> 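One structure, as structure tokens, below. Some questions next.
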4 protein chains.
Amino acid sequence: MTGAEKRRTARISQILDAAALCFVEMGFHRAGMAKIAARAKMSPGHIYHYFESKEAIIAAIVDRESAKAAERFAELDAVDSNELASVMTERAIQSIEEKTDILQSALNMEMLAECQRNPEIACIIQRHDKYIRDQLTHLIGNKIGLDLAEARTDMMMVQFSGLANRLLRNPDMDLSSMIALMRQTMQSILTPDTIGDHV
Amino acid sequence: MTGAEKRRTARISQILDAAALCFVEMGFHRAGMAKIAARAKMSPGHIYHYFESKEAIIAAIVDRESAKAAERFAELDAVDSNELASVMTERAIQSIEEKTDILQSALNMEMLAECQRNPEIACIIQRHDKYIRDQLTHLIGNKIGLDLAEARTDMMMVQFSGLANRLLRNPDMDLSSMIALMRQTMQSILTPDTIGDHV
Amino acid sequence: MTGAEKRRTARISQILDAAALCFVEMGFHRAGMAKIAARAKMSPGHIYHYFESKEAIIAAIVDRESAKAAERFAELDAVDSNELASVMTERAIQSIEEKTDILQSALNMEMLAECQRNPEIACIIQRHDKYIRDQLTHLIGNKIGLDLAEARTDMMMVQFSGLANRLLRNPDMDLSSMIALMRQTMQSILTPDTIGDHV
Amino acid sequence: MTGAEKRRTARISQILDAAALCFVEMGFHRAGMAKIAARAKMSPGHIYHYFESKEAIIAAIVDRESAKAAERFAELDAVDSNELASVMTERAIQSIEEKTDILQSALNMEMLAECQRNPEIACIIQRHDKYIRDQLTHLIGNKIGLDLAEARTDMMMVQFSGLANRLLRNPDMDLSSMIALMRQTMQSILTPDTIGDHV
DNA sequence: TATGAATGAGATTTCATTCAT
DNA sequence: CATGAATGAAATCTCATTCAT
């Protein structure tokens, strides 16, 4: 990377970081370009050298955040098949314990709300969602060797997004009991079928 | 109710219905008072006879929608204890099958995103959330007679909100397999403890 | 006066009292008809049975207040010529001591500011001002028998309005010394001429 | 001053000049930002680069006008003590002769009416008023050497503001006689005490 | 590359006034 | 005589975007 390219990348990161913070704090529509610019330590006009519009910024953020999430899931590829189930379970539990993810959730809400209306953003989100799903489906179907891999994948993702939602609505939730239950639920999802036994 | 009171109630409903539609279609912040007014078939100014501000409309909608959700959960009180677990399970499944809830989900996203910033709305949401939680906790703890009633409640609510989220991100999801898994998961949450057995 | 007429007069008074209070508290333009109506304990629409417009209300207030002031000056007509000068002086001093006039001053500011733009109101104010001036000029010229009666009248009125103004800008003013000076000044205005001696 | 700073200062002056004219012609509340902007030859939105709100413009004008008035009084500091009394007297007379001050008076009324409601503006006005008072008190007490300097100061200021008021209410006033009387009154205020002699 | 002045459309909100009841 | 629902124009203010420097 040339010096100019490095500088360009750094500038873009500055903008995305500033914008993400602003979006979380004030929401997409209340976060003015002026404030984002101030936080990114550049002039409002200059942002338009790097992004065509405000929407392009949120698209870039969605892209970046989704890529991060995909990366985290990609790490699971390196995990031994026997341990996969428990590693994934611990991931979910970690989400409960570290409340840092609440910020992330807030950004997620913003992104989802926006994607409802903006087809371009909806497209980016769904592309990344599919990537993660494929990754997980591969792990569950091929490495762990379970049937109904796609459904199990979706069910796992239900747990992750549901958990974020729940932490947002009930911040005082009793974590320790939840952890036990979440462990049980994840195991149930990743366990060869006993479906029908309990009905 | 006098004629005047009836008219007033009808007018307020008109506004809330119009606003809810606008919010779903374009989001809280893109839905202008002018558009809401047009849809409610009254002048923009007149809305302010019934609501102090746009935020007050949002708050009223959140209240109304949350109340609806709370009501649906309240119905479970009448269900026989033996059937409770399966009735609740069927509810979750119903959410998957009827995609009408997607609209509802969209409004939910709006509400959650907004509650992030608006303390008054956060308060309304949490009040209703607590009501639902208490209701469920009572059913699970007293009628079904399970331990860890609060954690099981939260876990159930994770399923509901997670599902809504998932349907939004992956509209093409294969429903039939999901239903089977969801049934199993709900049962696992509502079954006397085998926690620790799988770890 | 018939009962109906009495009722009408009372209603009009209610409106004028309410409006005057509103104008003092919030200014002419910030005092909405809705608030005036609420304070007058009637509906906004009903005010228009008695007054053609909001401007008509301020015109009526100006009229009423000016009439009151004229009345107070008319009382001076009954005072013995020898005592006139000192009675008038005591009037000025009374204005300093009773700060009740500050409310009146506030309303005066409102009226003057408004009259600057509204020719109808300017006309009412000037009509009453002329009436008071004529009254005073008559007293000073004919009863006390001074020359330059018109100029002395204006000069006296300068003291009254100037005083009100001053109390508004410097509410902490030391009153007792002012009283002595005001007494001297009024005497100087109402004393046969030594004009030119000091020049 | 850099070019940018000069431009900024000029822009701000444009706004204040335009706003002051609008306020005099139509009053604070009838002068819309759109009209002010048009007169200042810029877009309404751009005014908000320089002033936070319409009130901030009002405050700035009050500040500027009050500062001008204070400056005029400050000039008196350079006058010889012997001539001070007569110079001040001539000032008052000048106010009568030049009717240009009527415009100024109109703005003054607006300012006073507004200060009744807006504490920030009341504060600015009182700050400048105090400055003028201190200046005058110093001149009267130290340079001329009179007792009761503060009361005499207030009394002089009564003349100035009273005069402005009077010219507004009685535009047809006979000036020449007034001048003679005003001269006499000012002398009386600035003359070592004969208080009590006339009572 | 970088600035920030400038625009102008559009947002929310207020309010005098009218009118059906 | 009395109400208050209803209107719609206008007010203040915000903000994405452009452009001269």
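Bear in mind that the values here come from a model prediction, so they are computed numbers and not experimental data.
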> Side-chain donor-acceptor pairs under 3.5 Å in residues 3-13 of chain C, sequence neighbours left out?
unit_1, atom_1, unit_2, atom_2, d
Glu5(C), OE1, Thr2(C), N, 3.0
Thr9(C), OG1, Glu5(C), O, 2.8
Arg11(C), NH1, Gln14(C), OE1, 3.1

> If we only count heavy atoms from C-beta on, is the Arg127(A) to Asp63(A) side-chain gap below 4.5 Å?
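Arg127(A) reaches Asp63(A) side chain to side chain.
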
> Who passes side chain to side chain contact (heavy atoms under 4.5 Å, CB included) against Ala37(D), sequence neighbours left out?
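Applying side chain to side chain contact (heavy atoms under 4.5 Å, CB included) to Ala37(D) gives Pro44(D), Ile47(D).
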
> What range of DNA chain F does chain B touch, first nucleotide to last, counting atoms under 4.0 Å from its heavy atoms?
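First and last nucleotides in contact are dA5(F) to dG8(F).
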
> When you measure from every atom of DNA chain E, which of residues 3-19 of chain C have a heavy atom less than 4.0 Å away?
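Under 4.0 Å from DNA chain E: no residue of residues 3-19 of chain C.
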
> With sequence neighbours left out, write down each residue that passes ring-ring contact (aromatic ring centres under 6.0 Å, His included) with His46(C), or none if nothing qualifies.
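For His46(C), the residues satisfying ring-ring contact (aromatic ring centres under 6.0 Å, His included) (neighbours in sequence not counted) are His49(C), Tyr50(C).
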
> Would you list the pairs meeting salt bridge (Lys or Arg N to Asp or Glu O under 4.0 Å) in which at least one residue belongs to residues 44-57 of chain C, sequence neighbours left out?
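Sorted result for residues 44-57 of chain C: Glu55(C)-Arg30(D).
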
> List the steps, then state whether side chain to side chain contact (heavy atoms under 4.5 Å, CB included) holds for His29(D) with Phe28(C).
CA-CA 9 Å; His29(D) 297 285; Phe28(C) 181 62; over 6 Å; no

> Give me the residues of residues 43-53 of chain B where at least one heavy atom lies under 4.0 Å from an atom of DNA chain F, by number, or none.
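Output list: Ser43(B), Gly45(B), His46(B), His49(B), Tyr50(B).
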
> Roughly how far apart are Phe51(C) CZ and Ile58(C) CD1, rounded to 0.5 Å?
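If we round to the nearest 0.5 Å, Phe51(C):CZ and Ile58(C):CD1 are 12.0 Å apart.
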
> Please name all residues satisfying side chain to side chain contact (heavy atoms under 4.5 Å, CB included) with Ala59(D), sequence neighbours left out, ordered by chain then number.
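For Ala59(D) the side chain to side chain contact (heavy atoms under 4.5 Å, CB included) partners, ignoring immediate neighbours, are Glu120(D), Ile121(D), Ile124(D).
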
> In dot-bracket form, 5' to 3', how is DNA chain E paired? Count Watson-Crick and G-U wobble pairs only if both distances fall under 3.5 Å, and write | where the partner sits on another strand.
.||||||||||||||||||||

> Please figure out whether Lys35(B) or Glu55(C) has its closest DNA chain E nucleotide nearer the 5' end.
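Its nucleotide being nearer the 5' end, the pick is Lys35(B).
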
> For the residue pair Ile125(A) and Val62(A), what are the closest heavy atoms and their distance?
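Heavy atoms only, the tightest pair is CG1-CG1, 3.4 Å.
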
> Could you state the atom-to-atom distance from NZ of Lys41(D) to P of dG8(E) in whole Å?
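Result: 16 Å.
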
> What pairs with His128(D) under ring-ring contact (aromatic ring centres under 6.0 Å, His included), at least two apart in sequence or on another chain?
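Checked His128(D) against ring-ring contact (aromatic ring centres under 6.0 Å, His included); zero matches.
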
> Name each donor-acceptor pair under 3.5 Å that joins a side chain in residues 16-25 of chain D to protein atoms two or more places apart or in another chain, with its distance.
unit_1, atom_1, unit_2, atom_2, d
Asp17(D), OD1, Arg64(D), NH1, 2.9
Asp17(D), OD1, Arg64(D), NH2, 3.0
Glu25(D), OE1, Arg39(D), NH1, 3.3
Glu25(D), OE2, Arg39(D), NH2, 2.8

> To the nearest 0.5 Å, what is the distance between CD1 (Ile15(C)) and CE (Met42(C))?
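One finds 4.0 Å between CD1 of Ile15(C) and CE of Met42(C).
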
> Using a cut-off of strictly less than 4.0 Å between a heavy atom of the residue and any atom of DNA chain E, enumerate the qualifying residues of residues 27-34 of chain D by number.
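Of all residues in residues 27-34 of chain D, none places a heavy atom under 4.0 Å from DNA chain E.
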
